[in-house]
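Below: one structure, written as structure tokens.
Throughout, protein chains are lettered first and strands after them, A, B, ... in sequence-line order, and every chain is numbered starting at 1.
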2 protein chains.
Amino acid sequence: MAADLTIGKLAEAAGVNVETIRYYQRRGLLEEPPKPPGGHRRYASEQVRRVRFIKRAQALGFTLSEIGALLALDTACICHDTRALAARKLALIEQKMADLAAMRDVLGGLVRQCDTGTGQTACPIIDVLTRG
Amino acid sequence: MAADLTIGKLAEAAGVNVETIRYYQRRGLLEEPPKPPGGHRRYASEQVRRVRFIKRAQALGFTLSEIGALLALDTACICHDTRALAARKLALIEQKMADLAAMRDVLGGLVRQCDTGTGQTACPIIDVLTRG
DNA sequence: CTAAATGCCGTACTTAAGTACGGAGTCAAG
DNA sequence: CTTGACTCCGTACTTAAGTACGGCATTTAG
């Protein structure tokens, strides 16, 4: 389960810039593999998925430090603080899903309206995220 | 349906900084009401909802310019470009929801694991956003 | 075995999204 | 009718998340 990528291949496979990989390492989101003294580092191919996860989670509105916390859950399902964190993130995720569902419904309605020619109606997309 | 807020009250009601309101005006996300010559502007209370919408949509990973496009749909359900835009956003939203659902399932499983004491299992949150 | 491509690393620049500031004008409570 | 809070506007600063650069080392394709 390794396949040993260079940083350039890793970046390419994950669809990001090499500098981004290095940035994530500095941020502690990605560990940097030990460097063979006077040589180049090699990356396990699982790292590709890790980077993609980061990018996707960002697209869902999570910051890099939230993502760091989520990734930490991956290796530390132990203590009870972890459970609490997971539960909090879960609530946040459910909130986001609800907001998205509301937007989806409005946009769906809008598309349908355009299709059926029932023209001029207001499309109250804003009305949708109003709770809270 | 107005109630005429000052910029300060609008900002407070929406839970943002006054400067943020002004920034959104500059970005064209919020129109600035006409200024009574040599006086202060007044804002209709609907604007509160508009600002909240912007904030929520940001939390869902939309950029301000995407949000501008979504808001534009609100007043322009007319042409066929609009329909296309709405349909594209709809697909994006569905993608986001699917990603969130996957994360939710993993986190839910994690919480349940913690609860039932079935300790050391790996929690493959990353595995979850791997498609694509 | 050499040349072009990569990698390493530190530092500096960029972009998006705000936030802060300063000086002048305006509003509103006492 | 004054005083303190608020508004206006322009400009400048900040933070998060990258991106670029430059000089040197190493790797790899021909």
Side-chain angles (χ1 to χ4, degrees), chain A residues 2-45 47-48 50-71 92 129, chain B residues 2-45 47-48 50-71 92 129:
Chain A
D4 265 334
L5 307 168
T6 66
I7 195 173
K9 290 315 235 161
L10 169 57
E12 187 184 349
V16 305
N17 195 306
V18 169
E19 306 302 325
T20 303
I21 300 290
R22 296 188 10 77
Y23 176 66
Y24 289 169
Q25 290 174 338
R26 271 179 269 135
R27 295 275 316 227
L29 292 169
L30 246 38
E31 66 170 274
E32 41 187 339
K35 180 177 148 184
H40 295 169
R41 295 175 211 284
R42 293 280 161 160
Y43 297 80
S45 59
Q47 299 300 304
V48 175
R50 193 172 173 99
V51 175
R52 286 208 190 127
F53 173 82
I54 294 169
K55 283 314 217 179
R56 287 226 185 212
Q58 275 186 307
L60 297 170
F62 293 97
T63 65
L64 290 185
S65 47
E66 290 175 311
I67 293 167
L70 287 170
L71 288 170
L92 180 56
L129 303 185
Chain B
D4 266 333
L5 307 167
T6 66
I7 195 173
K9 289 315 235 163
L10 168 57
E12 186 184 349
V16 304
N17 195 305
V18 170
E19 307 301 326
T20 303
I21 301 291
R22 297 186 12 75
Y23 176 66
Y24 288 169
Q25 291 174 338
R26 269 178 271 136
R27 295 274 317 225
L29 293 170
L30 247 37
E31 65 170 277
E32 41 188 338
K35 179 176 147 186
H40 295 167
R41 294 175 213 282
R42 293 279 160 162
Y43 297 80
S45 58
Q47 299 299 304
V48 175
R50 193 170 174 100
V51 175
R52 286 207 191 127
F53 173 83
I54 294 170
K55 283 314 211 179
R56 288 226 184 211
Q58 274 186 308
L60 297 171
F62 294 97
T63 65
L64 290 185
S65 48
E66 289 175 312
I67 294 167
L70 286 170
L71 287 170
L92 181 57
L129 303 186

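- The two atoms that bring B:Ala11 and B:Ile21 nearest to each other are CB-CG1, 3.9 Å, heavy atoms only.
- A donor-acceptor pair is defined here as one N or O able to donate and one able to accept, closer than 3.5 Å; no such pair exists between the side chain of A:Arg41 and the backbone of A:Pro36.
- In terms of phosphate contacts, B:Gln25 brings no side-chain nitrogen or oxygen within less than 4.0 Å of OP1 or OP2 of D:dC9.
- In this structure, B:Lys55 reaches the C:dG18 phosphate: one of its side-chain N or O atoms is under 4.0 Å from OP1 or OP2.
- Nucleic acid contact class of A:Thr63 (heavy atoms, under 4.0 Å, all strands): sugar-phosphate only.
- We find that CD of B:Glu66 is positioned 19 Å from P of C:dT15, with the value rounded to whole Å.
- A straight line from CG of B:Leu64 to C1' of D:dA16 spans 14 Å, rounded to a whole angstrom.
- Side-chain atoms of B:Gln47 do not come within 3.5 Å of backbone N or O of B:Ala44 as any donor-acceptor pair.
- As judged by a 4.0 angstrom heavy-atom cut-off over every strand, A:Arg22 is placed among the base-contacting residues.
- Nucleotide C:dA16 holds its C1' atom 17 Å from the CZ atom of B:Phe62, rounded to whole Å.
- Closest heavy-atom contact between A:Val51 and A:Ala14: CG1-CB, 3.5 Å.
- Contacts of B:Thr6 with the nucleic acid, taken as non-hydrogen atoms under 4.0 Å apart, involve only primed sugar atoms and P, OP1 or OP2.
- The distance between atom CZ of B:Arg26 and atom P of C:dA16, rounded to the nearest whole Å, is 15 Å.
- Using modelled atom types, no side-chain atom of A:Arg22 and backbone atom of A:Ile7 make a donor-acceptor pair closer than 3.5 Å.
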Full working for side-chain contact (heavy atoms from CB on, under 4.5 Å) between A:Val16 and A:Tyr24: CA-CA 11 Å; A:Val16 305; A:Tyr24 289 169; 5.5 Å; no

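- Counting to the nearest Å, the C1' atom of C:dC8 and the CD atom of A:Glu19 are 10 Å from each other.
- Map A:Tyr24 and B:Arg41 each onto its nearest nucleotide of DNA chain D; the residue landing nearer the 5' end is B:Arg41.
- As rounded to whole Å, 13 Å separates atom P of C:dT6 from atom CZ of A:Arg42.
- Side-chain N/O atoms of A:Thr20 include none lying less than 4.0 angstrom from OP1 or OP2 on D:dA17.
- For A:Arg42 (side chain) and A:Leu5 (main-chain N/O), no donor-acceptor pair under 3.5 Å exists by modelled atom type.
- Straight-line distance from the CG atom of B:Asn17 to the P atom of D:dC13: 18 Å, rounded to whole Å.
- Distance CD (A:Gln58) to C1' (D:dG18): 9 Å, rounded to an integer number of Å.
- At a non-hydrogen distance threshold of 4.0 Å, B:Arg27, B:Gly38, B:Gly39, B:His40 from residues 27-40 of chain B come into contact with DNA chain C.
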